[in-house]
Each structure stands twice: as C-alpha cells, then as structure tokens.
Protein chains: 4
Amino acid sequence: MRADARRNRERILAAAEVVFTEKGPSASTEDVAATAGVAIGTVFRHFPTKQALLQAIMKDLLHRLTGETSRLATEGDPATALFTFISHTVEQAAQQRGVVDLLAESGVDVQVAESVRALRHGVDELLARSRAAGAVREDVGVDEVIALLTAICQGALRAGWGRDLRHRTVAIILDGLRPPAHRLASEQRPAAQ
Amino acid sequence: MRADARRNRERILAAAEVVFTEKGPSASTEDVAATAGVAIGTVFRHFPTKQALLQAIMKDLLHRLTGETSRLATEGDPATALFTFISHTVEQAAQQRGVVDLLAESGVDVQVAESVRALRHGVDELLARSRAAGAVREDVGVDEVIALLTAICQGALRAGWGRDLRHRTVAIILDGLRPPAHRLASEQRPAAQ
Amino acid sequence: MRADARRNRERILAAAEVVFTEKGPSASTEDVAATAGVAIGTVFRHFPTKQALLQAIMKDLLHRLTGETSRLATEGDPATALFTFISHTVEQAAQQRGVVDLLAESGVDVQVAESVRALRHGVDELLARSRAAGAVREDVGVDEVIALLTAICQGALRAGWGRDLRHRTVAIILDGLRPPAHRLASEQRPAAQ
Amino acid sequence: MRADARRNRERILAAAEVVFTEKGPSASTEDVAATAGVAIGTVFRHFPTKQALLQAIMKDLLHRLTGETSRLATEGDPATALFTFISHTVEQAAQQRGVVDLLAESGVDVQVAESVRALRHGVDELLARSRAAGAVREDVGVDEVIALLTAICQGALRAGWGRDLRHRTVAIILDGLRPPAHRLASEQRPAAQ
DNA sequence: AATGAATGAGAATTCATTCAT
DNA sequence: AATGAATGAATTCTCATTCAT
C-alpha cells in the first residue's frame, strides 16, 4: 500500500471514530468521508462496506484494550490490575460513544470474533491474577466481568453519565467483585454528589 | 377521541413494542402499521413523528416500571424490595430489546422527562426502605441504582446474555450494593456455568 | 387499488416503454419517473425493483402478442396466419427497442415464465394450423419459430434495420418455413433496394 | 510503442474478450484489468475509453470473420462456402456472448465502420460465388445475409439456444436462401428434438 | 378518522476516468 | 510506461412524512 493510501486509511478511521462517536452508528458514510477530507469513493475503496468500516473501528478498539490488559498484567499490581483496567476502560469509553454502540449493534460476526477472543483472554489473565492475590471473589468468571464492563461502558456513553456518577457506579461494581474481607468502607468510596 | 380511535392507538403501541423489540429501533413505521393492521396514515395521525411513537413506548414502559416500584413499596419486604425490582426489571428487559434500545437511542428529551422523574421517585422510595432496613449501603444513591439498572438492561439485551450470565451479573451488582455485613457467601450466589 | 394509483401505474409502464426503447435497458429508473411525471418513490412503490419494472413491461408485451395469436387463430386464414403474425410482430418490434432488449437481457425468471408459456402456446396453435393447411413444412417446430422470431425482432431493433431490409429478411425466413411446393418466386418477394 | 506495451495491449484485449463474454458488456473495466493482470491505469492508457476498448474488440472480431470469408472464398466449394460461413459463425458466436452483445449495444459508430465494410465485402464475395453456382437465389442481397447472421448470432447467445435448436434454426434460414430447386427434403434437415 | 398513494431527501454502493507516485 | 489511489457523478432503493380520496 502506498504512503498516501495508508495515510488516508488512518484519516478515515479517525474520522469514522469521531463521526460515529458524535452521531451514533447510523451516521452516514458520506459524513465520515467529509470529515476525513476525502471523497466518498475513497472510503469505499478502503472499506468496501459500511459494516467493514464499523468492524475496523471495533477491531482497533478491541486491540487497544487488549494491549492495555497485557501492560497491566506485566507491570501492574496484581491485586488492583483488573480494577484499574475496568476503571480506565469506562473512562475512555465516555469519549467514544459510537464505537461502543457498534460493539453491540452491528452483527459481531466472524470478522471481529478473533479480536473479541483476544480481549477475553487478556481480561481473563487479569482476573486470574487478582483472584490469586485474593482481591476478587473466587466465584466470579470472565464472562461476568466482560458483561459488566460492556454494560457500564454502554451506559456511560449512551446516557451520558457525568464523571461522578461514573465513578460511583464503577465503585459499586468493583465492590461486588471483591471478597467480603476486601470491601471498601464508606469513606473509601467516591462521595455521592 | 372516538372509541375506535382509542382502540387503534392501543393497537399501534402494542405493535410498535413488538416490532421494535424484534427488529430494533430502525424498524420502519410501515412495519409497525402493518403489524397493527392499520394504514400508515393512521400511525402518523396518532403519533405525529416516529420519535413521538418511540417516546410513547418509553413512557409506557417507564409507567409500568414505576407501577412495580409502588407495588413493591407497599407489599414487599423492605429489605429485599429493591433487589427484587432490579432482578425483575432485568429479566423483563431481556424480552424487550427494541424498547430499551430506544431508552438510550432517542434523546430522552423533555417529553419523557416526567416519566423518568416518576420512576426515579419510585426507585428512590425502594432504596430508602432498603437502606432503612440495613440491606443497602448508606452511601448508595438513586442515580447509581438507575444507572446500573439501565446499563444492565441494555447489556442483557444488546449482547443477548443468557439467563445464567444475567443472574451472575446481577448478583455481583446486588452484592456491591450491600453493606459488608450482608454480603452473600459464595454458595448463596448463582453458580458459574 | 385507487383510481389515481392505477393511472400512475399505467403512466409509469408507458414511460418505461418509451425510455427503455430509446435508451436501452440501462436507462435509469429516475429517468422513467421523470418521463412519467411522478416522483422516484412512486415508481418503486409500484415496482419494487428495477427488474420488476422490466418484467412488467415484458409481461405486457408477451400478453399483447399472445392476444394477437388468438385473434389470428380464430379470424385469419390458416395458411397465412403464422406468416402474418411473424411479419406483424417484427414490424411492431421495430418501434420497441428496449422492450425486446429486455426480453433477452434480464433473467427471464419464474415471473415471466408463465407469460412466455402462454405465447408459446399461441404460436404453436398458429403453427399447427399452417402445417395442416400445407403452408409450413412438417419438420418445423415451435421452438425454431419462436427462436427466429426473437432473433429477427432483436436484430431489427438493435441494428435499426429499415423497412425494406426488414421485409426482405422476413421473406427469406418465411420461405425457409415453406414446403418446396409453396415457395415464392422471385417476383413475389420484396425487391432488393 | 515498446515491446512490453504491445504485449500489454494484447493481454488486455484478450482479457476483455473473456470478461465481456462471461459477464456481458456492463462488466467493469477494473474486472478486465484484473483479468489481464495489469493495473486499471494501463487499460486506460491503451484504450482511452471503455467504448474504445469495446470497439477494439469488435474490430478484432470483424477482422477474424473477414479473414474467414477470404479463406472460404479461395479454398471452399463456391456452392456451400456461404452456408459454411454462416454455420461456423453462429457456432462460434455461441461461445462469445459479450462480444456480440457489444456488436449491437454500442453504437456502431465511425470507428468500426471500416471493419464492418470489410466484412460486408467478404460476405458479398461469398454470396456472389454461391449465386453464380446456383446455390443461392438471385434476389438475395448482402444486407439480408448479414442481417440474418447478426440476428441469429444474437439470438443464439442471448437466449442461450442449445446446439440442436441452433442447427434447426440455421437450417430454416439456409433453406430460405436457396432457390426452390435446391431446397432440402425433410430427411436432410436436422431432426427436431 | 382512516386509508394508502405520492413525495423526495438521503443512503450505500459502483465505476469510468484522472492523476500523483 | 505502469501503477493503483482518488475522484465524484450516477444509480438503486428506503423511509419518514404529507395529502388527496
């Protein structure tokens, strides 16, 4: 691929994230093209279908998240790595409405399945370490963690939760994951508004 | 309003719930009309805009939920009423894809604000009672509860969580709401699959 | 169907015949709409697909032709009915470029198959009578007749044969269909230009 | 022109014949390029327009046919040369859908006029010889012959006539060209299926 | 009030053609 | 000369909404 082509591909992906974040997944491809400063044909040359474009964004996102799980797994404190990951992700999501929309919306077909698997694997590792460190209940599985994470990200975005609400909501969930002995006392929780 | 007009209004609302539940919020108004067995013009006579139709469904849903909070507030065990409400709602949501989609999708503008307020009030009451009974932490507010409820409903629908995953996810949240002394031991939680 | 709807349907069909006749089957649906004096949506309401529109025209044409076979079978001279039919059809075709284009072009699928069968039946009847009258060779079948007819119509249209050429070409074919005893002498044939 | 340029020109022409034969004249130029194994720009460097490419193919075809007329004129039996030519051409056409499509489709404008003239000349020669040998009626002209040939080729292709139907159809036409004394008896004609 | 036909502004996608590399 | 990326007009089809019957 030529240099200019790759550059355009990046610009389109970036534009798509912005546009879909602002207007939801039903924003038009035309809009993405305009934002990227390219002609509509260029978008379709790089992503032959709107679906393909959406999936590309998803893959990107999933890849970035998976990257963070690896980083935390090696560098972070095992006891808190999972909690950090969840908190970070929710915060980031707050800036990425459309992307997460897609995560749910569009048929998460074979194309992205692999990326999803990769992320699941990364989260599972964090979970295992936290469990080993006694920071997470024994009876909690990856599926619940990912389910909660997804749900909270969606909620944060769609309903446009503010920072405070986000923090308090996440706090409740993190506490729900902890074994009784590790639960936070009231004064350690984010204060209600 | 004539009797047959009122009857049509009901049929349209019912049809809309079915159609949007099955096909998501981008299902066409024509589809709703066909399901309701009326002509497209009739739908627009009752609901001047697709948005208006969506909002009407939301109001309906919110109204029903608010009704359940009242019922539980008077009849239920104060200690468990809130938890019952959350569990029930999530289960119901699993059968109502489109409706909850809308809850998020369409800007929850002025039109439904009042219904939302009513629900919030109902939930607040349940929360107060649960708190008074010592079943919920002191530092948990209505906003978090509603936020979590919404997020979980969305997640359950969009991602199509199965019954088990739903239960385990809800269990984590409920535990996060409990004061340390009331937390459930592992064996009281739904078992992982 | 309402009166105005039926009127529009007719106008669209008529416009489509004109447009496709002039510009070939790749003329745009938009063009048909403009010629018919309706909005594009109206065309698609009546014919949900471009294919459907093309097929509707074909059916119309086939139906008209079948009608002529019936008329000739009852009213015409058995000895010449088939020849009259062929000559007439070719002449008409000369005014109907696009229509015949379609006859070939677009997948003659199930939709039109029945109409084709009807025409085949009508032609078969004419052929049987001519054969019985000794005006057509015993070894000629319907398939050849229809094949020749189609081919000549196409040729006449596409290549824009003039009247004379059309007549002389048809004359050769008709002679090919005759038993030796009935062949026309030179002076009975259309003169070369 | 460079050697590799000439080689590319040939490859493009060959690819175009294949592609248009398989997918009809509306096949994309990209498709031709891909089949030829060159970039799209190269196609347009050699043929500045899709039309130009189509015309080039036509010229090629016409040239080959003209070649066959010459061969038959010198080598063949004068009495049957024309008939052989017609039969051969129809058979070949059956393998060349797209090409003949084009023959009709694209306005046979000035560009190819010369090639057409050449073919006409060749056919005329065959016709003259057959006439001289008494194998073709005196009142048949080149135009009719070419008209019939074109029509049958088109028909054979578009409608996808099978071998049998092709033969019987051609037989009728050839008989129509013969003077009465030379007509074939039933048993000499291809049998109906 | 109900009907359902008409409208027309998009939306996704294709493709001939141009042009920078 | 070749490459292949970019362009953008055109095309088919959808759907919310209006309006004549």
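Please read these numbers as outputs of a predicted model, since none were measured by experiment. Sequence lines set the chain letters: A, B, ... in the order given, protein chains first and strands last, and positions in each chain run from 1.
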Taking Watson-Crick (N1-N3 plus N6-O4 or O6-N4) and G-U wobble (N1-O2, O6-N3), each under 3.5 Å, can you produce the dot-bracket string of DNA chain E? Use [ ] for crossing pairs and | for inter-strand ones.
.||||||||||||||||||||
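- Rounding to whole angstrom units, CD of residue D:E10 and C1' of F:dA1 are separated by 17 Å.
- Scored by the side chain to side chain contact (heavy atoms under 4.5 Å, CB included) test, B:R11 finds B:N8 as partners (sequence neighbours excluded).
- By the side chain to side chain contact (heavy atoms under 4.5 Å, CB included) test, D:A14 pairs with no residue at all, sequence neighbours left out.
- Following rounding to the nearest Å, C:Q51 (CD) and F:dT11 (P) show an atom-to-atom distance of 17 Å.
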Donor-acceptor contacts, no H, no angles, side chain residues 32-46 of chain D, under 3.5 Å, sequence neighbours left out:
| residue | atom | partner | partner atom | Å |
| --- | --- | --- | --- | --- |
| D:T35 | OG1 | D:D31 | O | 2.9 |

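- Here C:R2 pairs with C:D4 under the salt bridge (charged side-chain N to carboxylate O under 4.0 Å, His left out) rule; sequence neighbours left out.
- A heavy-atom distance below 4.5 Å is found between the side chains of C:L65 and C:L61.
- In this structure, A:F47 places its CZ atom 16 Å from P of E:dT14, rounding to the nearest Å.
- Electrostatic pairing of A:R64 and A:E17 counts as a salt bridge here, judged by a charged N lying under 4.0 Å from a carboxylate O.
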Could you write nucleotides 4-11 of chain E as a row of B, S and -, 5' to 3', where a protein heavy atom under 4.0 Å of any base atom gives B, of only sugar-phosphate atoms gives S, and otherwise -?
BBBBBB-S
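- A donor-acceptor pair is defined here as one N or O able to donate and one able to accept, closer than 3.5 Å; no such pair exists between the side chain of A:K23 and the backbone of A:S28.
- With rounding to the nearest 0.5 angstrom, the CD atom of B:Q51 is 9.5 Å from the CE atom of B:M58.
- Atom CG in C:D31 sits roughly 16 Å away from atom P in F:dC13 (whole-Å rounding).
- Between the CG atom of D:L53 and the P atom of E:dC15 there is a distance of 15 Å, given to the nearest Å.
- The CZ atom of B:F44 sits 17 Å away from the C1' atom of E:dA1 (whole-angstrom rounding).
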